[in-house]
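Reviewing the structure listed below.
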Amino acid sequence: MVLDPGDDVVHTHTALAAHHPPSGRITLHPGPGTTSESGLAHDLLAALGKPPLLPGRFPAGRQPAWEAATAWINALPVNRLTVLRAHRLTARRTMRLLELRALTGIHLTLVCHRPHLPAALHQALQTADYAITADFQAARRHYYGTTAPVPQPEEEPARPANRWLTLPALDRLVSYDSPAPCTAPCVPPPITFRHRPPPTPLTEQAVQEVARRLSTVTAHPRLAAALAAALFTGASCQQLATARPGDYDAAAATLALHDRARYTDGCATYRVPPWARVFLKAAVSFARLAPAQDQHLLAGPNDRAHLLRMAEAARLRPPQPPAGKRTGPVGRIQWDWRERKEAQGYDTMLTRHQMPPSL
């Protein structure tokens with residue numbers, strides 16, 4: 001706990017300057033209109049670089065924002081959280097932050113810009129082990145920890161944010177297959193691609209850009225993990241929905257997907273590339289924190305529209321048909337072009353076999 005009796009601007013500026021998620025430091029400056037627990041969670045998601053709202057419908061209409069923020073902190077290399085304007089926190093919101101600390105092990109620093117702790121803050125801290133300091137240098141060490149300040153570039157290089165990334169691994173995301181999850185214990189073997197080619201590995205440049213986009217386009221750990229998994233498995237939405245929390249083995253870095261009816265290559269285990277592990281780890285943490293949502297690790301059966309919308313927001317798409325073969329409005333992404341093309345080929349072949357021989 002840092003006391004800033006005079007509400008000195010140097011405390012605020014120093015704490016905000018310490019905000020650097022890649023170095024493991026987050027500074028949360030609650031908005032002036034933040035008066036609810038969910039509002040504080042949305043502010044925390046924004047501080048983590050995520051959009052504050054989670055897409056989808058949730059039980060009782062309550063977004064699992066705290067669960068999502070906790071899951072991301074568990075997955076990301078974030079170990080230090082500084083919260084400014086702590087004297088405005090209610091006892092309940094302070095308890096939420098203390099619960100976050102207990103669940104993640106994050107180092108929590110509350111900055112009270114008053115000479116004394118308000119009653120609500122004092123009440124909430126009764127069950128916590130904490131120390132108080134009013135010394136600026138000591139406070140600065142709490143803001144930064146042992147990590148040396150990272151000099152920020154004066155101007156970041158421009159990113160091609162509006163450029164589409166065309167990824168062949170997304171060709172079958174809306175496939176017509178209908179795999180079902182296994183109801184009995186299942187230990188799938190390593191994937192052997194028999195009926196479809198393996199996804200083309202991403203280049204190092206594409207990996208960095210895809211990971212960056214997935215990290216910033218959604219706060220929903222499950223949807224981010226689902227799209228990441230689609231890129232290294234080439235699986236459809238239906239098959240991604242077969243994964244359960246126990247299907248990700250963090251130690252072995254493998255993900256199991258199920259397909260009892262063998263619509264594709266049957267139940268199989270896929271290697272998870274290093275860039276995608278943070279998303280799977282967040283999804284597992286989210287599933288354990290919000291078990292009432294459902295038992296899916298990745299996208300559920302009703303998440304297809306949200307998943308496609310998120311992919312388009314991240315400007316990720318499968319290969320598109322040539323200009324002369326496009327259907328639908330100009331600019332709309334055609335997710336099923338390859339599937340329709342293959343289905344038309346099968347129909348043509350079947351028609352030829354059924355035609356009577358010419359006289």
Side-chain angles (χ1 to χ4, degrees), residues 1-2 4 7-32 34 39-52 65-66 68-86 89 96-98 100-101 103-113 130-131 133 135-161 204-205 207-219 221 224 228 274-279 281-282 285 314:
M1 173 63 65
V2 172
D4 173 22
D7 197 2
D8 195 331
V9 70
V10 69
H11 274 281
T12 300
H13 285 179
T14 304
L16 291 175
H19 177 81
H20 191 250
S23 298
R25 302 188 302 266
I26 296 292
T27 299
L28 174 59
H29 194 183
T34 302
L40 187 63
H42 293 154
D43 284 346
L44 180 56
L45 286 171
L48 288 166
K50 315 292 180 186
W66 278 106
T70 304
W72 285 117
I73 291 175
N74 275 327
L76 295 168
V78 174
N79 51 37
R80 191 165 293 270
L81 171 63
T82 298
V83 182
L84 294 167
R85 323 310 294 177
L89 294 174
R96 275 289 197 178
L97 291 171
L98 294 176
L100 178 72
R101 182 183 69 166
L103 289 169
T104 63
I106 198 168
H107 183 282
L108 176 63
T109 300
L110 303 178
V111 186
C112 175
H113 305 269
Y130 70 99
T133 183
D135 179 74
F136 173 71
Q137 291 303 326
R140 190 178 188 280
R141 287 192 293 272
H142 283 292
Y143 304 153
Y144 279 95
T146 57
T147 307
V150 177
Q152 301 297 307
E154 294 183 4
E155 186 175 346
E156 291 191 3
R159 297 181 184 271
E204 185 59 33
Q205 183 179 5
V207 161
Q208 294 179 7
E209 184 62 16
V210 165
R212 183 189 70 81
R213 295 187 187 190
L214 291 183
S215 295
T216 57
V217 75
T218 184
W275 68 267
R277 293 171 192 172
V278 64
F279 301 107
K281 185 176 180 181
S285 179

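Only heavy atoms go into these numbers, but all of them, side chains included; no hydrogens, no water, no symmetry mates.
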Kindly indicate, with the supporting measurements, whether the criterion side chain to side chain donor-acceptor pair (under 3.5 Å) is fulfilled by H20 and R25.
CA-CA 5 Å; H20 191 250; R25 302 188 302 266; 4.5 Å; no
Does R101 form a side-chain contact (heavy atoms from CB on, under 4.5 Å) with L98? I'd like the steps, not just the answer.
CA-CA 5 Å; R101 182 183 69 166; L98 294 176; 4.2 Å; yes
Are F279 and S215 close enough, and set up right, to give a side-chain contact (heavy atoms from CB on, under 4.5 Å), and what steps lead you there?
CA-CA 8 Å; F279 301 107; S215 295; 3.6 Å; yes
In sequence, state the C-alpha distance, the side-chain angles, and the governing distance for T12 and H113, and then conclude on side-chain contact (heavy atoms from CB on, under 4.5 Å).
CA-CA 9 Å; T12 300; H113 305 269; 3.7 Å; yes
With side-chain contact (heavy atoms from CB on, under 4.5 Å) as the criterion, how do L89 and L40 come out once you've worked through the C-alpha distance, each side chain's angles and the decisive distance to 0.1 Å?
CA-CA 9 Å; L89 294 174; L40 187 63; 4.1 Å; yes
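V83 pairs with exactly one of V111, L108, L44 by the side-chain contact (heavy atoms from CB on, under 4.5 Å) rule, that one being L108.
Ring orientation note: the planes of H11 and Y143 are nearly perpendicular, at an angle over 60° on the 30°/60° scale.
Using a cut-off of 4.0 Å between Lys/Arg side-chain N and Asp/Glu carboxylate O, D7 and R85 are scored as salt-bridged.
Shown here for R140 and T14, the closest heavy-atom pair between the two residues is CG-CG2, 3.8 Å. Residues V78 and P21 approach most closely at CG2-O, 4.4 Å, considering heavy atoms. Taking both residues in full, the closest heavy atoms of L103 and N74 are given as O-OD1, 3.5 Å, listed atom of the first, atom of the second, then distance.
With sequence neighbours excluded, no residue satisfies side-chain hydrogen bond (donor to acceptor under 3.5 Å, both in side chains) with T27. Applying the side-chain hydrogen bond (donor to acceptor under 3.5 Å, both in side chains) test to R277 and every residue at least two apart in sequence or in another chain returns nothing. Remark: H29 engages no residue in a ring-ring contact (aromatic ring centres under 6.0 Å, His included) (not counting sequence neighbours).
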